[in-house]
Each structure stands twice: as C-alpha cells, then as structure tokens.
Amino acid sequence: MAHAVIERFQELEEAFAGIAGRGGRLQARFCAAAALDCDLATDTLIRRTERELEALNAGLSRWRTPGPQMRLVYATALTTAGRDAGLFLNTKDTLKETRKQRGGRSLQDGGACAALVLVASGGYPSHSGMFYDILAAIAAPWWRRSPQQEEACAAALTASGETPDTAGDLMSRTRIMMDAAGVPGRHIDKAVYDVALSDPDPDIYARSWTALNVAARSQRGLVRHSGYDGLAILASQVEDGSEAGDALIAATEAVKAMRPRVSSMAAGRLALRLAGSMCGSRSPGGAARDLSAIYAMQAAVIAATTASAAAVVAAS
C-alpha cells in the first residue's frame, strides 16, 4: 500500500493536470510538490490557484518573469502560503525599484523567485531594503556564488525578522555544523542556504546525515539521483535519518513508477520532496521556501525549451 503522502501527491498531480493543459504534466507534478503541505481541500486549492493564476497573467506580459510556463507553479506556491498575486507583483516591482535607487547586483529571473519567497514567507514590499542588506551579508564570493539560493535565503530570512548581522552569523554556524558532520565542501556550497533555513540542532543533523548516507548507499543510483547536496538538505529537515533513508528509497521507487516518466533532472528533487513530507517535515515558511519545486521546474522548462529549439534547427 502506498504511503499517504504519495497518495496525496498523486491526487494533487491529477487535479493540477486538469488545469495545466496539454503537455502540462511537468507543471502539474511540481505544483503537487509545492502544495504537499497545504491543508486546503483539493477542490478549494485548485479554485484558489486558478484565481491567482488569472491575476498573474493579468499583471504580467508574456515576456515578463515568471514566464507563462512557470506561472501555475508560482500561483500554487502563493495559494499554499495564503498570499495573493497582487502582493507578489507589488513586491517584485518594489525590489526592482529599490535596486535602481541603491545599485547592486541584478536579481535572477527579474527578482521573481526572491519576491515569491519573500511574500510566501510572510514579508511585504516594505522589506525590500532589508532584503538587499541581508543578501549582501550572506552572499558567497563570486567564484562559488549560487545566486538563486542566496536570494531565496535572503528573502526568507528577511521575512523572519533577521538582520544582516544575525543572518551572517547563521550562515557561519551552518557551514561549521555541516563541515563537522562530514558534508563534503563542494556540497556545502550547494546546500548551505537551504540547510540554514531549517537551523537544525548540530548533533541531530550529524546523526541524520550519517544515517542518510548509509541508506543511500544501500540503493544503487540513489546518491546519483538525489545528490549529496540533496541528502544534506533532507538531513536538516528530519530528526531520524534512518527513517528518512527508508522514506527516500520508497519515494524514489514511486517517482520511477510515474508515467509519463519524470526526467532525471527532476526525479531526484521530487523524491527528496516526498521523502521529507513522509517523515512529517513541513517546509519552514511555506511552499516557496522549499525551493525544489520552483528550481527543478525552472531547470526542466529551460532544458525542454532548449531541446525543442535544437530540434527545430536540426530539422531546418
């Protein structure tokens, strides 16, 4: 018998497929992943998501971010967090204006992801100045920078009331904790921002990381699909690494069984998302702070668009 979380995911996937349209199975799956923590009844969730999608489409031209393929996922994240598209659009524009006034680096995707996380985590347009201050405090040197992760983390920390000093201290503590647990350095760089948002107990984190590695190595290909950075993030969201390892194995098998097949780029992220929920973890601050759905969807859309363009060129 399938785990209740997997059954809930399948129910949500089918419901979102009904509004994603033809060829929208990818969007439906990541909407379902983003909505796993939502307590709304499915029909209510779909109805409210459609309302927010309409508002996004009305407020954005075809060429403004998020693009048309991403908007259903954004609408789902906003609905799950209990926020609305109008606030998101206002926040996105305010982030852009604040950058014009004070200078600094450009935001990824026109600031769409940063605005989504800020709003879904409880923030408002008035927090835009503090967002840029915290972003400057936690940004890695340019040669190992992860722009989207940094911006999302800065947005979430801003909404939770952190300051540049406390945010910087949190990042330092998290790096030290991950290093002490044995997470390889190159994977710390990829995962540190997501791990910091959970702010786990160092002893529990070390045990969970070790147990997850043992479980992952018992299943061929599991590390390759989930990645050590994915294991590091999952370890921060659970208290029992052995339970999480079993859940990840079950989730990976469930993802493999999905039809049409999930691309290798997205399969690992989906499995990690399911495993976390199977262990009872809830993404801190709402769906948008668990960025697996947003980023995996975004990467998959880019890959699909690039492949389509390449096919057209080859045929011409």
Side-chain angles (χ1 to χ4, degrees), residues 20 24 26-27 29-31 33-34 49 52-53 55-81 83-100 102-121 123-125 127-128 131-132 134-136 138-140 142 144-159 190 193-194 197 265-266 269 283 285-309:
L26 184 64
Q27 290 94 323
R29 284 172 172 163
F30 286 108
C31 288
T49 297
E52 299 308 326
L53 178 60
L56 285 176
N57 286 331
L60 295 167
S61 68
R62 179 172 180 80
W63 308 111
R64 291 188 67 195
T65 55
Q69 302 97 326
M70 290 296 301
R71 290 176 191 171
L72 182 59
V73 185
Y74 274 65
T76 304
L78 289 167
T79 301
T80 301
R83 310 308 290 273
D84 63 72
L87 182 60
F88 161 75
L89 294 171
N90 189 5
T91 301
K92 181 173 174 285
D93 289 342
T94 303
L95 287 173
K96 181 178 180 179
E97 289 303 315
T98 301
R99 179 187 169 272
K100 283 183 180 179
R102 59 187 287 168
R105 80 191 217 194
S106 298
L107 300 180
Q108 295 289 297
D109 308 307
C113 278
L116 177 67
V117 177
L118 183 59
V119 169
S121 300
Y124 292 91
H127 293 139
S128 61
F131 162 79
Y132 283 105
I134 290 179
L135 179 60
I138 68 172
W142 64 268
R144 56 181 175 86
R145 180 162 290 172
S146 300
Q148 283 182 321
Q149 283 82 0
E150 291 175 2
E151 292 166 16
C153 183
L157 293 177
T158 299
K190 292 181 179 180
Y193 296 100
D194 294 273
L197 294 180
M265 180 182 298
R269 285 293 186 180
S283 175
R289 279 176 66 173
D290 173 49
L291 297 170
S292 59
I294 304 298
Y295 290 159
M297 171 68 184
Q298 204 154 264
V301 166
I302 292 170
T305 302
T306 301
S308 177

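The CG atom of Asn90 sits 9.5 Å away from the OG atom of Ser128 when rounded to the nearest 0.5 Å. Between Leu157 atom CG and Leu197 atom CG the span is 5.5 Å, to the nearest 0.5 Å. Distance check, rounded to the nearest 0.5 Å: CD of Glu52 to OG1 of Thr80 gives 10.5 Å. Here Leu135 contributes atom CG and Phe131 contributes atom CZ; the two are 5.0 Å apart, rounded to the nearest 0.5 Å. Within the model, atoms OG1 of Thr98 and NZ of Lys100 stand 11.0 Å from one another, a figure rounded to the nearest 0.5 Å. One finds the OG1 atom of Thr65 at 10.5 Å from the CE atom of Met70 (value rounded to the nearest 0.5 Å).
Here the side chain of Arg145 pairs no donor or acceptor atom with the backbone of Ala139 at under 3.5 angstrom. The backbone N or O of Gln148 lies less than 3.5 Å from no partner atom in the side chain of Tyr193, so there is not a single donor-acceptor pair. With hydrogens and angles ignored, the 3.5 Å screen pairs a side-chain donor or acceptor of Asp84 with a backbone N or O of Gly86. At least one donor-acceptor pair under 3.5 Å links the side chain of Glu151 to the backbone N or O of Gln108.
Heavy-atom minimum distance, Tyr132 versus Arg102: CB-CZ, 3.7 Å. Closest heavy-atom contact between Gly59 and Arg64: O-NH1, 3.6 Å. Heavy-atom minimum distance, Arg99 versus Ser106: NH2-OG, 3.0 Å. Taking both residues in full, the closest heavy atoms of Ala114 and Leu107 are given as CB-CD1, 4.4 Å, listed atom of the first, atom of the second, then distance. Residues Leu56 and Leu89 approach most closely at CD2-CD2, 4.3 Å, considering heavy atoms.
With contacts defined as side-chain heavy-atom distances shorter than 4.5 Å, the pair Gln27/Arg71 does not qualify. Taking the side chain as every heavy atom from C-beta outward, Ser146 and Lys190 never approach each other to under 4.5 Å. Under the 4.5 Å side-chain criterion, counting only non-hydrogen atoms from C-beta, Pro125 is not in contact with Phe88. Side-chain contact between Leu53 and Thr76 is absent, with no heavy atoms from C-beta onward closer than 4.5 Å. For the pair Pro66/Leu60, a side-chain contact is recorded, criterion being any heavy-atom separation below 4.5 Å from C-beta on. Counting heavy atoms from C-beta on, the side chains of Lys92 and Glu97 never come closer than 4.5 Å. Side-chain contact between Thr158 and Leu118: present, with at least one pair of heavy atoms (C-beta onward) separated by less than 4.5 Å. Taking the side chain as every heavy atom from C-beta outward, Ile138 and Cys153 approach each other to under 4.5 Å.
For the pair Arg83 and Tyr124, the distance from NZ or CZ to the six-membered ring centre is under 6.0 Å and the angle to the ring normal is within 45 degrees.
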Exercise. Does the side chain to side chain contact (heavy atoms under 4.5 Å, CB included) test come out yes or no for Tyr74 and Cys113, once each step is laid out?
Worked result: CA-CA 9 Å; Tyr74 274 65; Cys113 278; 3.2 Å; yes
